[in-house]
Amino acid sequence: MSARLAVEIGALTLPSPVLPASGTFGLAHSRVFDLSRLGAIVPKTVTPGAREGHPAPRLVEAAGGLINAIGIPSVGVTAFIADVLPRYAGLGPPLIVSLSAETVDSFAAATAELAAAPIDGLELNLSCPNLEAAGDLFAANPAATARVVAACRAATALPLWCKLTPVAGAPSEVARAAEGAGADALILTNTMPALALDPSGRPRLANRTGGLSGAPLKPIVLRLVDEVCRATELPLIGCGGVSQLKDALDYFAAGASAVAVGTATLARPSAMARLIDALEAHLEAAGLTAREIVAGGALRAAAKG
Amino acid sequence: MSAMAEAGAPVADLDVEVLRCERRGSVCRLVLAWPNAFAGARAGQFALLKSLRPGAPLLPRPLSLVPVPGGGLAVVFNIAGEGTRFLAEAVAGERLALIGPLGNAFDAPAEPILIVTDAPHVGTMLALALERRMAGHTDAFVYVTDPAAPHPSDAILLADIAAAGLAPIAAAPGDLAATLAQEARRYIAAGAADFVMAAAQRLAREHDLAGEASLQAPMACGLGVCQVCIHDAQAGRILVCEGPIFPLAVPRFDAGRGHP
Ligand SMILES: Cc1cc2nc3c(=O)[nH]c(=O)nc-3n(C[C@H](O)[C@H](O)[C@H](O)COP(=O)(O)OP(=O)(O)OC[C@H]3O[C@@H](n4cnc5c(N)ncnc54)[C@H](O)[C@@H]3O)c2cc1C
Ligand SMILES: Cc1cc2nc3c(=O)[nH]c(=O)nc-3n(C[C@H](O)[C@H](O)[C@H](O)COP(=O)(O)O)c2cc1C
Ligand code: FES
C-alpha cells in the first residue's frame, strides 16, 4: 500500500481515504480484492439484541440508485463479538464497528460491551429511530444527538464516528452537538427516506418505504459536507453516491477527509479497489499525497466560511 | 486460516467480451470469453452479469453457468425485464461486467435422478442435466408448463432440451403430483415455482427420498453481504446466494404460490 494514500481521521491513520459504507461490505469481499487496501474495515451495523430485519423485497433499483429496506438484521452485540468479530481480525486497516440502537441507554450499554473487544473504533449509526422520541431519527435532532454521543463517550475511549442523516433540519447544529459531546468524526450520510411504487401504485418494498442511496444521493450529501465542514472542526467522511474518482475528488474539495462507498460496491464488488487505483494514479500524476488533497479541500472549505 | 481462505474461493470481477449472443423469442444464450476463474465451474454455480450500455440497470443479474457440450460455458436465460433485455441485446465483441463464479454446486449421486424445473428456473436445472449427461448419467427431466397459460419461453426451451437429448417430460400443473410420483427416483433435484417445489418436498417426504432445491431471489452482492436475497426456511431465513443449492427439506415454500 502506497504511503501516498494515507489520511488521518482523528487519531486514526487510514491506509487510504476510501472505506466501505456499512451494510454493503463484508469479509466475502476478500474473495474479490485485497482488503488491506481499504481505509478501514466496516462490517454491517450490529444492534444490541438479535433482529430478523424486514421481509422481502428488501431492495429495488430506482432513479439511478437503490432504495433499500433491509431492516438491520443482526445477531446482536454479544454473538457478534463472539462469532463474527474474530473473523475480521488482522486484516490491516482499522476495524470500525457500526452500532445502532433504539435508546440512549442501549446505545451506551452496547458501546461498553464493544469497547472491551479488539476493535479500533465505533461508528454510531445515528440515522436510526429513537424510541424515546416517537421514532424520530437520533441525528435529526441536536439534543438527542448530544445525549447519545455523550452516553457512548462515557462508555469508551475508542474513536467515535457518528453517522448522520441527510434529513436533519439543522445539520450544522447536529454536527456541533456531536462534536461537543465527544465525537471524533462525522460520516455524512446514511440513506434518504424514499418510496418506490409499481405500475399499479403498490409499494415495491415489503416495508413500504426505504432509504435511497447511490448517484441521486450525491449532490444532496455533497451540499451537506460543504455546509457542515464550516460548522465543525471534526474530520468528515463523505458517503453518498461515490463511485468514480470524480465523486471522491468532489467530496474532498467540499471538505471531506475520506469517502465511504456503498451502492457502487453492490453494483460491482471491486468498486472500492478500482477507486483506490484511480485515486493513486491521480495523486501520482499530480505529484500529491492524499493528505495534501484533503488538506487543500479543508482549507478551501474554511475559506468559504 | 487467512480471511481470504475462510471467505471462499476467489471471485473475478471483470469486463469480458461477448463471443456469441443467440436470441430466439424470449430466450437468450450468451457465450463469453470466460476468464480462467470459471474453468472449474459446476452446475448450480452462477455469475452476476450486467450490460455496460448506457441506461442499463445498476445491479448485475444472477444467471446460472451452463456447460456447453464439447467444452466451455454459456448462460441461458429468459428475457424477464430490463436487466435481461439489455443482456440479450449484446452483440459479439461487446463487453459485459462479469462477477463470479459464485454459489455452490449440486451434489447429486451417480444413480439416475429426477430433475424438475420450469421456464424461469431452466438455466440452473439445464446446467445440471447437461453436466450429468456429459458424465454418462441418464435422468428423468420433468418440465412444468401450464397448457392454459404457457410461459413465452416454453416451446423454445422444450425444443432445445429435446434437441440436447434430454427427453423432457412436460407436466401440466394439474398432473404434477402424478407425473412426479411416476418418475420418482432415489434423488430429486428441483428448481421451479413454489407450488412445484412444495410438491417435490412432499414426494421426497412420502417416499423418503433425498434431494436438493435450487433457489432464486433478486440479488445485489451475490456474496452473502447485503442480505437482500432472503428466502423462508423451515427454521428462520436463508440467503439464496449462500446456496443457491440447498438440501430439499431446508427451504419453506408456499404451496399456493405460482399455481395457476
Ligand atoms: C442463482 C440464480 C440463478 C439464476 N439463473 C437463471 C438462469 O440461468 N436463467 C434465467 O432465465 N434466469 C435465471 N435466474 C433468474 C434471473 O436472475 C432473473 O430473471 C433476472 O435477474 C431478472 O432480471 P430483469 O432485470 O430482467 O427483470 P426484473 O425486472 O428485475 O424482474 C422481472 C421479474 O423477475 C423477478 N426477479 C428479479 N430478479 C430475480 C432473481 N434474481 N431471481 C428470480 N426472480 C427475479 C422480479 O421480482 C420480477 O418479477 C437466476 C436467479 C438466481 C438467483
Ligand atoms: C443494501 C444497503 C444496506 C445498508 N445497510 C446499512 C447499515 O446496516 N448501516 C448503515 O449505517 N448504513 C447502511 N446502509 C447505508 C450505507 O452505508 C450508506 O450510508 C448509503 O447507502 C449511502 O452511500 P452510497 O450512496 O455509497 O450507497 C445501507 C445501504 C444499502 C444500499
Ligand atoms: S445477494 Fe447480497 S446477501 Fe445475497
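We name chains A, B, ... by the order of the sequence lines, and we start the count at 1 in each one.
Contacts between B:Leu48 and chain A at a heavy-atom distance below 4.5 Å are absent for every atom of the residue. Contact of B:Pro218 with chain A is not made at all, since no heavy-atom distance falls under 4.5 Å. Using a 4.5 Å cut-off between heavy atoms, A:Thr24 contacts chain B through its backbone alone, with no side-chain atom that close. The contact between A:Ile70 and chain B is made entirely by side chain atoms (from C-beta outward), counting heavy-atom distances below 4.5 Å. A:Thr265 does not touch chain B: none of its heavy atoms, backbone or side chain, sits under 4.5 Å away. The contact between B:Ile99 and chain A is made entirely by side chain atoms (from C-beta outward), counting heavy-atom distances below 4.5 Å.
Inspection of the A:Ser200 and A:Arg202 side chains reveals an N or O donor paired with an N or O acceptor under 3.5 Å. There is no side-chain donor-acceptor pair under 3.5 Å between B:His151 and B:Asp154. Side-chain polar atoms of A:Ser98 and A:Asn125 form no donor-acceptor pair below 3.5 angstrom.
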message: One pair to check against side-chain hydrogen bond (donor to acceptor under 3.5 Å, both in side chains): A:Thr189 and A:Thr165. What are the steps and the verdict?
response: CA-CA 5 Å; A:Thr189 62; A:Thr165 166; over 6 Å; no
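Atom CG of A:Asp198 sits in a crowded spot, with more than 12 heavy atoms from other residues, nucleotides or ligands closer than 6.0 Å. Sparse packing is recorded around CZ of A:Arg208, with 12 or fewer heavy atoms of other residues, nucleotides or ligands lying under 6.0 Å away.
Put simply, the side chain of A:His29 gets close to the backbone of A:Gly26: a donor and an acceptor are under 3.5 Å apart.
Comparing A:Lys44, A:Glu61, A:Arg274 by how many heavy-atom pairs each has under 4.5 Å with chain B, the most go to A:Glu61. Looking only at heavy-atom pairs under 4.5 Å with chain B, the residue among A:Pro57, A:Ala267, A:Gly64 that has the most is A:Ala267. Between chain B and the options A:Pro43, A:Gly53, A:Pro55, heavy-atom pairs under 4.5 Å are most frequent for A:Pro55.
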